[in-house]
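Here the structure comes first, spelled out in structure tokens, and everything after it is commentary.
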Amino acid sequence: MSKKVENGLLFIWIVSVVATLGSLYFSEIRHYEPCKLCWYQRIFMYPIVIMTTIAFIQKNARIAVTTAVFAIMGGSISLYHYGIQKLSFLAETAPSCGPVSCTGQYINWLGFITIPFLALTAFILIAGASFYVMKAAKAAN
């Protein structure tokens, strides 16, 4: 495995670990109860940590296809979630999310950084790095 591929997998792993620990910090330490859309985003983020850990140990760059799919799906949910938080016309049509409203904002740093925005940023970084790993692995062969 080339150094570029190895570094790309390591980057994906670091971003997914930071995102996972961040979500656990908000729910377990700050006691912010996740809404239904937050749970879906976690469903796509958490496995990326496990997948890239195994892929890094096995020197398996093919996992980048799977991490890209997970990141695109999770990022789509994050983008929608961020949209219903920040765009009034979407918020009016937001689905009922259970005991915690999906339109609520536990944090709103600098007027635009919310938890779904943080997740979206992580998913974009993971998707970009996944495509980089795929390209670098193909070039190495």
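What you are looking at is a predicted structure, and each value in this text was computed from that prediction instead of being measured.
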Quick one: do [X] and [Y] end up in the same hydrophobic cluster if we chain Ile, Leu, Val, Met, Phe, Trp and Tyr together by side-chain heavy atoms under 4.5 Å apart?
{"X": "I14", "Y": "F70", "value": "yes"}
{"X": "V69", "Y": "V15", "value": "yes"}
{"X": "Y46", "Y": "V17", "value": "yes"}
{"X": "I72", "Y": "Y40", "value": "no"}
{"X": "L24", "Y": "W13", "value": "yes"}

Notebook entry, point to check: Listed by chain and number, what are the side chain to side chain contact (heavy atoms under 4.5 Å, CB included) partners of I84, not counting sequence neighbours?
Noted result: L37, Y80, H81, L90, A94, C102, T103
Next item on the list: Please list, chain by chain and in numerical order, all residues satisfying side chain to side chain contact (heavy atoms under 4.5 Å, CB included) with Y32, sequence neighbours excluded.
Entry: F26, R30, Y106, I107, I115
Locate the shortest heavy-atom distance separating [X] from [Y]; write the atom from each residue and the value.
{"X": "H31", "Y": "E28", "result": "CE1-O, 3.4 Å"}
{"X": "T66", "Y": "M51", "result": "CG2-SD, 3.4 Å"}
{"X": "S101", "Y": "C35", "result": "O-CB, 4.1 Å"}

Margin query: Under a 3.5 Å threshold, yes or no: a donor from one side chain and an acceptor from the other, between R42 and T20?
Written below: no
Next item on the list: Could you pull out all residues at least two apart from K3 that satisfy salt bridge (charged side-chain N to carboxylate O under 4.0 Å, His left out)?
Entry: E6
Note to self: Treating Q85 as the side-chain partner and G104 as the backbone partner, does any N or O pair qualify as donor plus acceptor under 3.5 Å?
What the structure shows: yes
Item checked: Residues that S76 engages under side chain to side chain donor-acceptor pair (under 3.5 Å), provided they are two or more places apart -> none
Checklist line | With S16 via side chain to side chain donor-acceptor pair (under 3.5 Å) - residues at least two apart | finding: none
Item checked: Intermediate values then yes/no, side chain to side chain donor-acceptor pair (under 3.5 Å), T114 and Q105 -> CA-CA 6 Å; T114 64; Q105 299 176 35; 5.7 Å; no
Taking distance alone, no hydrogens or angles, what donor-acceptor pairs closer than 3.5 Å link side-chain atoms of residues 119-133 to residues at least two apart or in another chain?
from: T121; atom 1: OG1; to: F117; atom 2: O; distance (Å): 2.9
from: S130; atom 1: OG; to: T67; atom 2: OG1; distance (Å): 2.7
from: S130; atom 1: OG; to: I126; atom 2: O; distance (Å): 2.7

Margin query: For L118 and W109: C-alpha separation, side-chain torsions, deciding distance, then whether side-chain contact (heavy atoms from CB on, under 4.5 Å) applies.
Written below: CA-CA 11 Å; L118 294 172; W109 301 330; 4.1 Å; yes
Note to self: Tell me if the NZ atom of K86 is crowded by more than 12 foreign heavy atoms within 6.0 Å.
What the structure shows: yes
